[in-house]
K.L.:
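Got a structure here, written out as structure tokens. Questions coming.
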Amino acid sequence: MEPRPDSVRRVGSATRTGVVGTVVGAVAFFDGVFIGAPIALLATTLRPLLVYAVATGAVIVLVIACCAWIDRRWDDWFSGSGKRVEARLEGMRRSRLMRHPVAWVERGSDRWYALAAAVANPILIGALARLVGGTPIGRRRIVLGAVAYAIPYCAMWTIVGLALGDTLRG
């Protein structure tokens, strides 16, 4: 008996959702490895101001893409990865450091959301907002969170790269 085209499409879609979800999760949980370290390494060898400007733009685009994907595919992704995501977000709620960003997300204001995204990771904050609110994050918050995160995050890693470069040259 031949597989039905619908079932093949569903399997392909589920596989794609799993792969993209893994990439989004890796960027969210290991942003220092996938985003920060490359920025620092580039800042050691290239012009730091240029690295900062390009990295900030790239991080904003990457975070918007990841958060928009979460917003669109939350139900599909959460059904497969829900236990791990929920456990991580519960850990954030209990964490002494992260309970403040969690409270800021729960307040519902765009400003508090942007502050939480700047302090924590906007992809995790977006997932938290979806989990807590049960409604889509929305384009405005996604962009606010991406910008609020990218500016200080890229500055920090560019400074790390400058310091590393001075140490290696000194």
Side-chain angles (χ1 to χ4, degrees), residues 6-40 55-158 160:
D6 289 350
S7 65
V8 172
R9 255 189 241 119
R10 270 187 262 129
V11 168
S13 177
T15 301
R16 194 172 31 259
T17 297
V19 168
V20 174
T22 300
V23 170
V24 169
V27 171
F29 292 122
F30 304 110
D31 57 340
V33 173
F34 294 116
I35 300 171
I39 292 170
T56 300
V59 169
I60 288 170
V61 170
L62 177 65
V63 168
I64 288 172
C66 289
C67 289
W69 183 85
I70 285 175
D71 217 21
R72 273 192 325 273
R73 306 295 296 192
W74 176 256
D75 294 329
D76 296 337
W77 184 56
F78 193 73
S79 68
S81 304
K83 295 295 179 195
R84 286 181 301 192
V85 171
E86 198 165 5
R88 173 75 176 184
L89 296 175
E90 246 340 284
M92 287 173 66
R93 280 187 174 133
R94 287 191 306 271
S95 164
R96 188 169 173 226
L97 178 64
M98 293 303 294
R99 71 173 171 230
H100 297 293
V102 170
W104 298 336
V105 168
E106 290 174 340
R107 287 185 184 164
S109 151
D110 286 348
R111 287 186 190 129
W112 287 109
Y113 182 89
L115 180 60
V119 170
N121 180 303
I123 301 168
L124 293 176
I125 295 299
L128 178 68
R130 283 299 308 242
L131 187 64
V132 169
T135 60
I137 308 161
R139 182 89 175 146
R140 176 183 170 92
R141 281 192 173 182
I142 289 172
V143 171
L144 283 171
V147 171
Y149 173 76
I151 292 171
Y153 187 79
C154 292
M156 176 187 71
W157 282 103
T158 302
V160 168

K.L.:
Side-chain contact test, heavy atoms from C-beta onward, threshold under 4.5 Å: evaluate it for Ile137 versus Tyr113 and give yes or no.
P.N.:
yes
K.L.:
Considering non-hydrogen atoms only, spot the tightest contact between Cys67 and Pro122 and give its length.
P.N.:
SG-O, 3.6 Å
K.L.:
Nearest 0.5 Å please: distance from the CZ atom of Arg140 over to the CG atom of Asp110.
P.N.:
4.5 Å
K.L.:
What do you reckon, is CZ of Arg111 surrounded by more than 12 foreign heavy atoms closer than 6.0 Å?
P.N.:
no
K.L.:
Work out which heavy atom in Phe29 is nearest to a heavy atom in Leu124; give both atom names and the distance.
P.N.:
CE2-CD2, 3.3 Å
K.L.:
Provide the closest heavy-atom pair for Gly138 versus Asp71 in the form atom of the first, atom of the second, distance.
P.N.:
N-OD2, 3.1 Å
K.L.:
Between Ile39 and Val59, does the side-chain contact (heavy atoms from CB on, under 4.5 Å) criterion hold? Intermediate values first, please.
P.N.:
CA-CA 10 Å; Ile39 292 170; Val59 169; 4.3 Å; yes
K.L.:
So which atom in Ala28 and which in Asn121 form the shortest heavy-atom distance, rounded to 0.1 Å?
P.N.:
O-ND2, 3.1 Å
K.L.:
Give the ring-plane orientation class for Tyr149 versus Tyr153, where under 30° counts as parallel, over 60° as perpendicular and anything between as tilted.
P.N.:
parallel
K.L.:
Which heavy-atom pair separates Ala148 from Ala114 by the least distance, and what is that distance?
P.N.:
CB-O, 3.4 Å
K.L.:
Among Val27, Val20, Thr22, find the one that has a side-chain contact (heavy atoms from CB on, under 4.5 Å) with Val24.
P.N.:
Val20
K.L.:
Could you tell me the separation between the CD1 atom of Ile64 and the CG atom of Leu144, rounded to the nearest 0.5 Å?
P.N.:
9.5 Å
K.L.:
Between CD1 of Ile123 and CD1 of Ile142, what distance do you get to the nearest 0.5 Å?
P.N.:
10.5 Å
